[in-house]
**Student:** 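Below are the structure tokens for one structure; questions will follow.
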Amino acid sequence: MPISVHENQTIKHADMRLEEHVFVNCKLVNCRLFFDGGTFHLVNTSFENCQWNFRGTAQMTCALLAMLGLLKPGFAPTAPPMAAGTPVN
């Protein structure tokens, strides 16, 4: 997958997969960000009114952290149907 490098930019109203971008000294405003749990690079980057979408392994990690009480109530993304309360063999 190609990597886009953004430096000293304000990016507005964009849909972006976090693993496909490098952000250095950027501001993201009203963006939809998708994170699947892969490698990402954020340096001095801020987010204003962005929607975060955790998918795949990132979503499962959030579900585990929520079950363990390590995420604040209301900040945990919705777990996939089989994640919450599913016994691990």
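Hydrogens, waters and symmetry mates play no part in the numbers below; they use all other heavy atoms, side chains included. Just so you know, residue 1 is the first one in the sequence shown, and it goes up from there.
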**Student:** In Å and rounded to the nearest 0.5 Å, what is the CG to OG1 distance from Leu70 to Thr61?
**Tutor:**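 Taking CG in Leu70 and OG1 in Thr61, the distance rounds to 12.0 Å.
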**Student:** How close do Asp15 and Arg32 get, heavy atom to heavy atom, and via which atoms?
**Tutor:**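 Closest approach of Asp15 to Arg32, heavy atoms only: OD2-NH2, 2.8 Å.
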**Student:** Who passes side-chain contact (heavy atoms from CB on, under 4.5 Å) against Val43, sequence neighbours left out?
**Tutor:**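 Once residues adjacent in sequence are excluded, the partners of Val43 under the side-chain contact (heavy atoms from CB on, under 4.5 Å) criterion are Val24.
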**Student:** Roughly how far apart are Phe35 CZ and Phe40 CZ, rounded to 0.5 Å?
**Tutor:**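 It comes to 5.0 Å.
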**Student:** What is the minimum heavy-atom distance between Glu19 and Gly38, and which atoms define it?
**Tutor:**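 Taking every non-hydrogen atom into account, OE2-N, 2.9 Å.
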**Student:** Write down the atom of Leu71, the atom of Cys62, and the distance for their closest heavy-atom approach.
**Tutor:**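 Where Leu71 meets Cys62 most closely, the heavy atoms are CD1-O, 3.6 Å.
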**Student:** Residues in ring pair (Phe, Tyr, Trp, His ring centres under 6.0 Å) with His6, at least two apart?
**Tutor:**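 Partners of His6 by the ring pair (Phe, Tyr, Trp, His ring centres under 6.0 Å) criterion, ordered by chain and then number, come out as His21, Phe23.
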**Student:** Under the criterion side chain to side chain contact (heavy atoms under 4.5 Å, CB included), which of Thr10, Asn44, Asn8, Thr45 is the partner of Cys26?
**Tutor:**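 When Thr10, Asn44, Asn8, Thr45 are each tested with Cys26, the side chain to side chain contact (heavy atoms under 4.5 Å, CB included) holds only for Thr45.
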**Student:** State the CG-CG distance between Leu33 and Leu18, to the nearest 0.5 angstrom.
**Tutor:**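 Nearest 0.5 Å value for the CG-CG distance: 6.5 Å.
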**Student:** Distance from Ile11 atom CD1 to Met16 atom CE, nearest 0.5 Å?
**Tutor:**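 Rounded to the nearest 0.5 Å, the CD1-CE separation comes to 4.0 Å.
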**Student:** Could you tell me which non-hydrogen atom of Gly37 sits nearest to which non-hydrogen atom of Ala58, and how far apart they are?
**Tutor:**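 In terms of heavy atoms, the two residues are closest at N-CB, 3.6 Å.
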**Student:** Mind checking salt bridge (Lys or Arg N to Asp or Glu O under 4.0 Å) for Lys12 and listing every partner two or more places apart, or none if nothing turns up?
**Tutor:**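 For Lys12 there are no salt bridge (Lys or Arg N to Asp or Glu O under 4.0 Å) partners, ignoring immediate neighbours.
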**Student:** How long is the span from the CG atom in Leu42 to the CG atom in Asn25, to the nearest 0.5 Å?
**Tutor:**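 It is 11.5 Å, given to the nearest 0.5 Å.
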**Student:** My understanding is that only residues two or more places apart in sequence, or in another chain, count here; which of them pass ring pair (Phe, Tyr, Trp, His ring centres under 6.0 Å) with Phe34?
**Tutor:**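 With neighbours one apart ignored, the set is empty.
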**Student:** So which pairs with a foot in residues 37-55 pass salt bridge (charged side-chain N to carboxylate O under 4.0 Å, His left out), sequence neighbours left out?
**Tutor:**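 Qualifying pairs: Lys27-Glu48, Asp36-Arg55.
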**Student:** Who are the side chain to side chain donor-acceptor pair (under 3.5 Å) partners of Asn30, not counting sequence neighbours?
**Tutor:**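 For Asn30, the residues satisfying side chain to side chain donor-acceptor pair (under 3.5 Å) (neighbours in sequence not counted) are Asn49.
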**Student:** Please round to the nearest 0.5 Å and tell me the distance separating atom CD of Glu20 and atom OG of Ser4.
**Tutor:**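 So the CD of Glu20 and the OG of Ser4 are separated by 7.5 Å.
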